[in-house]
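Values reported hereafter were calculated over all heavy atoms of this structure, with side chains retained and with hydrogens, waters and symmetry mates removed.
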Amino acid sequence: MTIPRKKRIALSSAAQNPSPRPRVDLALQGGGSHGAFTWGVLDRLLDDDGLDFSGISGTSAGALNGAVMLTGYVEGHAKGGAPAARVQAQKALADFWADVSQHGPIFSPMTMQPNGSLKPAFNLDQIPGYQWMNMFMQTFSPYEINPLNLNPLRDVVQRHVEINAVHAACEHAGIQLFVTATSVRTGQARVFTEEELTLDALMASACLPVVFQAVEIDGEPYWDGGYTGNPALYPLIYNTDTSDILLIKINPLERLDKPTRSMDILDRLSEITFNASLIGELRAISFVKKLLKEDKIDPSRYKDLHMHMVADDENLAPFNASSKSNTDRVFLQTLHDMGHAAADRWLAAHRDDIGHRSSLDIERTFLGMP
């Protein structure tokens, strides 16, 4: 796979007047309620000593975070320029996840502390009957269980995403949003951007096929974009002039324990599948960077990308796949705080790398190479 340069779109006046803040493209992974980790990262990056963004590629929860943030950003920008835009974007994200949490507490199991008091257990597989419910969902399709296709998440997203504001983000703030969904018929990725971006496109990107009916757009059914791009990096490479991509990773690459229960095996297979396309793109980027370093390809036709990543595998490891359905407020706030702290550490260590060098070792981290 090669990564040729393509014609870039014209940047807005906001993007043409550079600020002292380093500018990056964002790649936001999906992962259910673990997207609250990304909320925390974005919350920190939007601070005064954070970053500016040229493009955002998001899948599932990553796409929702991007759309909510841009809605707030554009609303704030119209009132008071970039500083007000960042503050309003932070507020928009906080309001969105607070709304998500309104549906969550009934799903949060309780366990005993050593002192005999109750504590929340964020992995839902600790609920009695969870495994039975999980098998029930895999036995009957959403067309049988939910023939009316009710989706409370859609109502939440509709309350917090203003599509016209997302469309205006490029024009007024110099930020593009790319949302990936998977075509059910072809199995290929479909990237929605600019005027193609609709509420349906966002819901298609977050459509898990065992939970929701496929989302139809122009007669084509779509499922979760994580199967073909979690997230897709190529829209950022082809459509922005920025050479720095910051990946916010929430989907685990490794699990130290061997799954033995059927639902754990299926969950691990899902995690591997959702990482496959990203690893493939990173392998291609690593190969192009190697050829550029060896002067074997024309540097005027290929971007020499600087790759970066914010992640916290150690602290996220105790939360298994079942916790991705847990929207309890305490859990979401815990994830937010983890993301905020991880972004703070990354900024302290690598903010000065932006525009100069990669801070992510692709080969070691993603390709299993020493």
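- For the atom pair NE2 (His306) and CG (Leu360), the distance works out to 12.5 Å, reported to the nearest 0.5 Å.
- Residues Leu45 and Val24 have side chains not in contact (no heavy-atom distance under 4.5 Å, counting atoms from C-beta outward).
- Of the charged side-chain nitrogens involved, none lies within less than 4.0 Å of a carboxylate oxygen, so that Asp48 and Arg21 do not count as a salt-bridged pair.
- A heavy-atom distance below 4.5 Å is found between the side chains of Phe366 and Met309.
- Remark: Ile248 CD1 to Ile56 CD1 distance equals 9.0 Å, nearest 0.5 Å.
- The cluster map of Ile, Leu, Val, Met, Phe, Trp and Tyr, joined by side-chain heavy atoms under 4.5 Å apart, puts Phe192 and Val68 in the same cluster.
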- Worked verdict on Glu194 versus Gln176 for side chain to side chain contact (heavy atoms under 4.5 Å, CB included): CA-CA 7 Å; Glu194 297 182 354; Gln176 296 173 267; 4.1 Å; yes

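- By the criterion of side-chain heavy atoms lying less than 4.5 angstrom apart, applied directly or through intervening Ile, Leu, Val, Met, Phe, Trp or Tyr residues, Phe53 is grouped together with Leu93 in one hydrophobic cluster.
- The closest donor-acceptor contact from the side chain of Asn65 to the backbone of Gly35 lies under 3.5 Å.
- Side-chain atoms of Arg86 and Asp52, non-hydrogen and from C-beta on, do get closer than 4.5 Å to each other.
- Here the shortest heavy-atom pairing between Gly72 and Ala92 reads CA-CB, 3.8 Å.
- Asn230 contributes a side-chain N or O that, together with a main-chain N or O of Gly30, makes up a donor-acceptor pair within less than 3.5 Å.
- You'll find the side chain of Asp264 stays beyond 4.5 Å of the side chain of Asp257, heavy atoms only.
- The side-chain contact (heavy atoms from CB on, under 4.5 Å) test with Val288 singles out one residue from Leu292, Leu291, Ile285, and that residue is Leu292.
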- Task: Could you please spell out the steps behind the side chain to side chain donor-acceptor pair (under 3.5 Å) verdict for Gln29 and Asn251?
- Result: CA-CA 7 Å; Gln29 278 200 323; Asn251 205 45; 5.4 Å; no

- Task: Test salt bridge (Lys or Arg N to Asp or Glu O under 4.0 Å) on Arg364 and Asp361 and set out the steps.
- Result: CA-CA 6 Å; Arg364 180 186 298 272; Asp361 187 335; 3.6 Å; yes

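- Of the residues listed (Leu236, Leu197, Leu233, Asp25), the one engaging Phe178 in a side-chain contact (heavy atoms from CB on, under 4.5 Å) is Leu236, and it is the only one.
- Taking each heavy atom of Pro231 and Thr59 in turn, the nearest pair found is CA-OG1, 3.6 Å.
- Of the possible donor and acceptor atoms, none in the side chain of Ser286 sits under 3.5 Å from a partner among the backbone N and O of Glu363.
- Rounding to the nearest 0.5 Å gives a distance of 12.0 Å between OG of Ser243 and NE2 of His356.
- A distance-only check finds no donor-acceptor pair linking the side chain of Ser270 to the backbone of Leu266 [under 3.5 Å].
- Ion pairing of Glu294 with Lys290 is present here, as a side-chain N (NZ or NE/NH1/NH2) and a carboxylate O approach within less than 4.0 Å.
- A distance of 6.0 Å separates CG in Leu335 from CE in Met338, rounded to the nearest 0.5 Å.
- Within the 6.0 Å centre-distance limit, the rings of Trp346 and His308 are counted as a close aromatic pair.
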- Query: Yes or no on side chain to side chain donor-acceptor pair (under 3.5 Å) for Ser300 and Asp298, after CA distance, side-chain angles and deciding distance?
  - Reply: CA-CA 5 Å; Ser300 67; Asp298 184 357; 2.7 Å; yes

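- The nearest pair of heavy atoms linking Thr193 to Leu177 is OG1-O, 2.9 Å.
- Closest approach of Lys289 and Leu305 over heavy atoms only: NZ-O, 2.6 Å.
- A continuous path of hydrophobic side-chain contacts links Val330 to Phe96 [ILVMFWY only; heavy atoms under 4.5 Å].
- Aromatic ring centres of Tyr227 and Phe274 lie closer together than 6.0 Å.
- Asn326 places a side-chain N or O within 3.5 Å of a backbone atom of Phe122 that can act as its donor or acceptor partner.
- Each of Met203 and Trp223 belongs to its own hydrophobic cluster when Ile, Leu, Val, Met, Phe, Trp and Tyr are linked at side-chain heavy-atom distances under 4.5 angstrom.
- With salt bridges taken as basic N to acidic carboxylate O contacts below 4.0 Å, one links Asp95 and Lys91.
- When atom types are taken as modelled, the side chain of Lys303 and the backbone of Thr242 share a donor-acceptor pair closer than 3.5 angstrom.
- Side-chain contact between Val161 and Ile163: present, with at least one pair of heavy atoms (C-beta onward) separated by less than 4.5 Å.
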- Start with the C-alpha gap between Ile354 and Leu246, add the side-chain angles, then the distance that decides, and say whether side chain to side chain contact (heavy atoms under 4.5 Å, CB included) holds. CA-CA 9 Å; Ile354 296 173; Leu246 175 58; over 6 Å; no

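- Using a cut-off of 4.0 Å between Lys/Arg side-chain N and Asp/Glu carboxylate O, Glu196 and Arg190 are scored as salt-bridged.
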- Message: side chain to side chain contact (heavy atoms under 4.5 Å, CB included), that's the test. Do Val74 and Asn164 meet it? Break it down for me.
- Response: CA-CA 10 Å; Val74 170; Asn164 289 334; over 6 Å; no

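- Asp244 has no carboxylate O lying under 4.0 Å from a charged side-chain N of Arg23, or vice versa, which leaves the two without a salt bridge.
- For Trp97, the CH2 atom is densely surrounded, since the number of other residues' heavy atoms within 6.0 Å is greater than 12.
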- Show the numbers, then the answer: is there a side chain to side chain contact (heavy atoms under 4.5 Å, CB included) between Val191 and Tyr234? CA-CA 10 Å; Val191 177; Tyr234 65 87; 3.3 Å; yes

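- Side-chain atoms of Asp312 come within 3.5 Å of backbone N or O of Asn315 as a donor-acceptor pair.
- Side-chain atoms of Gln333 and Asp337 include a donor-acceptor pair closer than 3.5 Å.
- Nearest heavy atoms, Phe331 versus Ser323: CE2-O, 3.3 Å.
- Side-chain heavy atoms closer than 4.5 Å link hydrophobic residues (I, L, V, M, F, W, Y) into clusters, and following such links, possibly through other members, connects Leu253 to Leu367.
- A donor-acceptor contact shorter than 3.5 Å is absent between the side chain of Arg44 and the backbone of Leu347.
- Considering CG of Leu51 and CG of Leu26, their distance stands at 7.5 Å, rounded to 0.5 Å.
- Using a cutoff of 4.0 Å between basic side-chain nitrogens and carboxylate oxygens, Arg357 and Asp304 are not scored as salt-bridged.
- Annotation for Asp49: atom CG counts as buried by contact number, over 12 foreign heavy atoms lying within 6.0 Å.
- Closest approach of Ser205 and Thr180 over heavy atoms only: OG-O, 2.7 Å.
- Not one N or O on the side chain of Asp200 forms a donor-acceptor pair closer than 3.5 Å with the backbone of Val215.
- Note: Gln188 CD to Thr228 OG1 = 8.0 Å, rounded to the nearest 0.5 Å.
- Checked against the 6.0 Å centroid criterion, the rings of Phe319 and Phe37 do not qualify as a close aromatic pair.
- Using a distance-only test at 3.5 Å, with no hydrogens or angles considered, a donor-acceptor pair links the side chain of Ser57 to the main chain of Ala232.
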